[in-house]
A.B. asks: 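This is the structure, below, for whatever I ask next.
Remember, it's a predicted structure, so these values are computed and weren't measured experimentally.
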Amino acid sequence: MKKLLFGSLLVFFALAGKAQTQAPINSSVVSKLPALDKSPMDMCYFPTDYPLLKTQNKTTTSPLVRVIYSRPQRDNRVIFGDLIEYNKVWRLGANEATEIEFFKDVTIAGKKILKGRYTLYAIPNPSKWTIIINKDMDTWGAFVYNEKKDLLRTDVPVQALAVPVEVFSMNFIKADKGASLYIAWENVSVSLPIDIK
């Protein structure tokens, strides 16, 4: 038994030593890896935490909606009316334009939106935001935004926040007819109702 154990340990250490002596990754490859973005990408699902629920076998349904977006930080800046200008189309985050995917047909502001992937924009104003769902995909910011590809525009009221939000955030909140996409940053928030049957 001792010989078997000793032999197993010798094989283990021999293999471990061999693994450590293999050629390292070329440093030119490592130097091409990007640094952490100042506005990291994130996603939110409805139902909330869907992938976690699925992994834990706590759901048998499919996801209904997903948003993929980048999360800029306030970083002591004035956001709305300064960094994000009023009355101009904004990508709802940073970097790539925000993406929303509906896994089944939904209704927003009385208009049926078919299952699929879309780009999500906003036009902020002090008292209301115009939320835009657009068919143009895989774009950077709102630099090539094309109003002709809008599927929907709807106004939502701005709510003041008692506690400022440092990092731009989105989340789905369950509602009577489906969910609301809650969007918050700095000292304001808006909510987009989504009817899901």
A.B. asks: Indicate the atoms forming the closest heavy-atom contact of Arg91 with Glu96, along with that distance.
C.D. replies: CD-O, 4.2 Å
A.B. asks: So with a 6.0 Å cut-off around CG of Asp176, is the heavy-atom count from everything else above 12?
C.D. replies: no
A.B. asks: Under a single-linkage definition using a 4.5 Å side-chain heavy-atom cutoff for Ile, Leu, Val, Met, Phe, Trp and Tyr, are Leu120 and Tyr182 assigned to the same hydrophobic cluster?
C.D. replies: no
A.B. asks: Is the closest side-chain heavy-atom distance between Lys112 and Asp105 below 4.5 Å?
C.D. replies: yes
A.B. asks: Taking all non-hydrogen atoms of both residues into account, name the closest pair between Thr119 and Ala97 and its distance.
C.D. replies: CG2-CB, 3.4 Å
A.B. asks: Does any part of the side chain of Leu192, heavy atoms only, come nearer than 4.5 Å to the side chain of Ile183, both counted from C-beta?
C.D. replies: no
A.B. asks: Taking all non-hydrogen atoms of both residues, which atom of Lys115 and which atom of Phe102 are closest, and how far apart?
C.D. replies: CG-O, 3.4 Å
A.B. asks: Between Tyr145 and Thr139, is any pair of side-chain heavy atoms under 4.5 Å apart?
C.D. replies: no
A.B. asks: Check each of Thr55, Thr61, Asn57 against Thr59 using the side-chain hydrogen bond (donor to acceptor under 3.5 Å, both in side chains) test, and report the only one that passes.
C.D. replies: Thr61
A.B. asks: Does Val89 belong to the same Ile/Leu/Val/Met/Phe/Trp/Tyr cluster as Leu92, with side-chain heavy atoms less than 4.5 Å apart forming each link?
C.D. replies: no
A.B. asks: Considering non-hydrogen atoms only, spot the tightest contact between Val190 and Trp129 and give its length.
C.D. replies: CG2-CE3, 3.4 Å
A.B. asks: For a quick test of your reading: what N or O donor-acceptor pairs under 3.5 Å do the side chains of residues 63-85 make, sequence neighbours left out?
C.D. replies:
unit_1: Arg66; atom_1: NH1; unit_2: Tyr45; atom_2: OH; d: 3.4
unit_1: Arg66; atom_1: NH2; unit_2: Glu101; atom_2: OE1; d: 2.6
unit_1: Tyr69; atom_1: OH; unit_2: Met170; atom_2: N; d: 3.0
unit_1: Tyr69; atom_1: OH; unit_2: Met170; atom_2: O; d: 3.4
unit_1: Ser70; atom_1: OG; unit_2: Ala94; atom_2: O; d: 3.3
unit_1: Arg71; atom_1: NE; unit_2: Phe168; atom_2: O; d: 2.9
unit_1: Arg71; atom_1: NH1; unit_2: Asp42; atom_2: OD2; d: 3.0
unit_1: Arg71; atom_1: NH2; unit_2: Ser169; atom_2: OG; d: 2.7
unit_1: Arg77; atom_1: NE; unit_2: Arg74; atom_2: O; d: 3.0
unit_1: Arg77; atom_1: NH2; unit_2: Gln73; atom_2: O; d: 2.4
unit_1: Glu85; atom_1: OE1; unit_2: Lys88; atom_2: NZ; d: 3.3

A.B. asks: List the atom of Ile108, the atom of Pro193, and the distance in Å for their closest heavy-atom pair.
C.D. replies: CG2-O, 3.9 Å
A.B. asks: In terms of hydrophobic clusters joined by side-chain contacts under 4.5 Å, are Trp140 and Ile132 together?
C.D. replies: no
A.B. asks: Indicate, with yes or no, if Phe46 and Val156 share a hydrophobic cluster defined by side-chain heavy-atom contacts under 4.5 Å among Ile, Leu, Val, Met, Phe, Trp and Tyr.
C.D. replies: yes
A.B. asks: Ignoring hydrogens and angles, tell me if any N or O in the side chain of Trp185 forms a donor-acceptor pair with the backbone of Val188 under 3.5 Å.
C.D. replies: no
A.B. asks: What is the distance from atom CG of Asp195 to atom OG1 of Thr107, rounded to the nearest 0.5 Å?
C.D. replies: 5.5 Å
A.B. asks: Just so I know, are the side chains of Phe172 and Ile194 near enough to count as touching, which here means a heavy-atom distance under 4.5 Å?
C.D. replies: yes
A.B. asks: Locate the shortest heavy-atom distance separating Asp37 from Pro40; write the atom from each residue and the value.
C.D. replies: O-CD, 3.7 Å
